[in-house]
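Written out below as C-alpha cells is the structure these notes cover.
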Amino acid sequence: MSDVTGGIDMDDETEGVVKKFMFLNRKAPYGTIYALEALEVVLISAAFDQDVSLAFVDDGVYQIVKGQHTKGIDQKNFSPTYRALEGYDIEKLYVEKESLEARGLTEEDLLVDVQVVDSAAMANLMAEQDVVISF
Amino acid sequence: MKFGILVNEGPYNHQATDSAYQFAKAAIEKGHQVPRVFFYHDGVYNSTRLTEPPQDDRHIVNRWSKLAEEHKVDLVVCVAAGLRRGIKDEVLAPGFRISGLGQLVEAGIQYDRLVTFGD
Amino acid sequence: MLHIVNKSPLERNAVDSCLRLATKGSAVLLIEDAVYAATKGTAASAKVQAAMANLKIYALAPDMEARGVAGRVMEGVNLVDYSGFVDLVAEHKNCQSWL
Amino acid sequence: MPTVNIAGKDIEVDEEGYLTNLADWNEEVAAYLAKEEKVEMTDSHWEVVNFLREYYNEYQIAPAIRVLTKAIAKKLGPDKGNNKYLYELFPYGPAKQACKIAGLPKPTGCI
C-alpha cells in the first residue's frame, strides 16, 4: 500500500507510463447512476499521474449545471464534487458547444470552469487520446 | 496484443456482457491476450454464483468463470459498485475477485486497448 | 479511431453524436441495436449513407442476423464477425464506445 | 445494527464503528469515536477533523490523502500539510481514522 496513492498499489509496469485518458460523459445525473460512478473513476484516476481530461457531451452537460437540489428525491447531490477536481489536478474539462446550445444552456449555467469547444475541436481532442472511457 | 475489457451492465438485461464475452473469446482465439475484464456499474452482477438461468439459456456467469480458468483472465469486480449492490466475496463465482477502481485505470495504462461494453 | 455504437438510431442519439464527433477517416462499428443503422429504408438511412463519404462504416453480422435484418444491409457497409471486430480494435490506435 | 449510547442518545454504528447516519455527528460523538480509535484528541486533531468536515460539506467527498495534505498545507501551512504530521496524529491513517472521527462515509477501499 502506498501513502501517495491513498492505498492503491502501483506495480512497476504502471510506473512512468503517462497516457492520455479521456472520460466522456454523455448521460444526465440521477436518472441513472452512470454520472456518479463515472465521477468515482475520475477521482481514482487522479492517483495514477496520467494526462486526464473530462468531456461533457449530449445530456452529460446536465451533470454540471448549477442549482441542483436533490433533497426531494432523497439522492446525494454530487454536483459539488466536480468543483473538487481542481484539487485533484484534473483541470481539463471540455464541454461541446453544440450540446450546450441544443439544451438552451450557456457557460454561465455551469458550476465549474470549463473550456467550451465546438464539435470539430472536440472530435480532434477525442481522436488524440490513448484511452477513452465513456459513461 | 493485450486487450482490457470494461463491462458496465448486468447479465441478461442487456446484451453488453454477451458482446464483451464474444469479443474476449474471439480475441483469445486469434492469439491476443485478455489479461483483465473489469466489471463496473450493474456489471458487478455478472459475478454472483447464485445465478441460475433456465437450462436452455446460456449461463453467463459460468461462461466468464470458464474463460478465466482456461485463459488466465483476471475478472475484477469493483468494490464500491459491488458494495452498493450486495456483491461481496461470499457470493463470488470462481475466477472473480473484488478490487478497487484503480484496477480499471491500471488496465487502461498497461494494455494496448481498453474496450467498453455497456448501455 | 474506432467508434463503437450499440444504440438504434431510431431510439437514441448515439449514432448522431458519433457521426458528429468522428473525425474524417475514422471507422464506425455498429453492434447490438445499432445494426439497425446499417439497414436501408429507415428514417436514419440517409444520414448514415451520407456519413460514408468521410467514414468507414462496419456492422456486426451476427447482430444483424439475430435481428432478422441481414438482408437489408445498406450498400457500402462492411460486415464483420467477432473476429473482424477484434481486428478493427487492433488496427486502430484507440477506440471509443458510444453508450 | 449495533447502537452505542453517547450522552444519553442511542446512535447507530456499523460493525467497524462508523456512523450509520452521518447526521448523528456532533463533537461528543467525535470524542467517543476518537476514544474507540485510541486517539487522544488535541487541538491539532480537531483542526484536521474540522478541516475534513468542511471539505466534505463543500465537495461531498472525503479527499484522497494527497489531496488532503495539499489542501491542509494551503490552509494550515506546510508543516501540517504532510503525511508525517498527519500520521503522527492518526497513526492508523488519516484517511481511515480522521474520516471516521469526522463522521464522513467509510472509504470503500478504492479511494
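Because the structure is a prediction, the values reported are computed rather than measured. All values below were derived from every heavy atom in this structure, side-chain atoms included, with hydrogens, water molecules and symmetry-related copies excluded. Here is how names work: the chains are called A, B, and so on, in the same order as the sequence lines, proteins then strands, and each is numbered from 1.
Looking at A:Tyr34, both its backbone and its side chain come within 4.5 Å of chain B, counting heavy atoms on both sides. Of the atoms belonging to B:Arg113, not a single heavy atom falls under 4.5 Å from chain A. Contact annotation for A:Gln50: only side-chain heavy atoms (C-beta onward) come within less than 4.5 Å of a heavy atom of chain B. A:Ser45 touches chain B through backbone and side chain together, each having a heavy atom under 4.5 Å away.
Within a 6.0 Å radius of NZ in A:Lys66, other residues, nucleotides and ligands contribute more than 12 heavy atoms. Atom CG of A:Asp118 has more than 12 heavy atoms from other residues, nucleotides or ligands within 6.0 Å. A:Glu128 CD: more than 12 foreign heavy atoms inside a 6.0 Å radius. Within 6.0 Å of atom CG in A:Asp113, 12 or fewer heavy atoms from other residues, nucleotides or ligands are found, so the atom counts as exposed in its surroundings. More than 12 non-hydrogen atoms from other residues, nucleotides or ligands lie less than 6.0 angstrom from CD of A:Glu91. Residue-environment remark: NZ (B:Lys30) exceeds the threshold of 12 foreign heavy atoms within 6.0 Å.
Contact of the A:Phe21 side chain with the B:Val105 side chain is registered, since non-hydrogen atoms from C-beta on lie closer than 4.5 Å. Two residues are said to be in side-chain contact when any heavy atoms from C-beta on lie closer than 4.5 Å; A:Ile33 and B:Arg85 meet this criterion.
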Please output the side-chain donor-acceptor pairs of residues 119-127 of chain A that fall under 3.5 Å, not counting sequence neighbours, one pair per line with the distance.
{"unit_1": "A:Ser119", "atom_1": "OG", "unit_2": "A:Glu96", "atom_2": "OE2", "d": "2.6"}
{"unit_1": "A:Ser119", "atom_1": "OG", "unit_2": "A:Glu98", "atom_2": "OE1", "d": "3.1"}
{"unit_1": "A:Ser119", "atom_1": "OG", "unit_2": "A:Glu98", "atom_2": "OE2", "d": "3.4"}
{"unit_1": "A:Asn124", "atom_1": "ND2", "unit_2": "A:Ala120", "atom_2": "O", "d": "3.3"}

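Minimum heavy-atom separation, A:Lys27 to B:Asp119: NZ-O, 2.7 Å. Closest heavy-atom contact between B:Gly108 and A:Lys19: O-NZ, 3.1 Å.
Ranked by non-hydrogen atom pairs under 4.5 Å with chain B, the options A:Asp130, A:Val41, A:Val131, A:Val132 are led by A:Val41.
Of residues 39-67 of chain B, those residues with a non-hydrogen atom less than 4.5 Å from any non-hydrogen atom of chain A are, in numerical order, B:Tyr40, B:His41.
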message: Between A:Val17 and B:Glu106, is the side chain to side chain contact (heavy atoms under 4.5 Å, CB included) condition met? List the steps.
response: CA-CA 10 Å; A:Val17 180; B:Glu106 197 186 83; over 6 Å; no
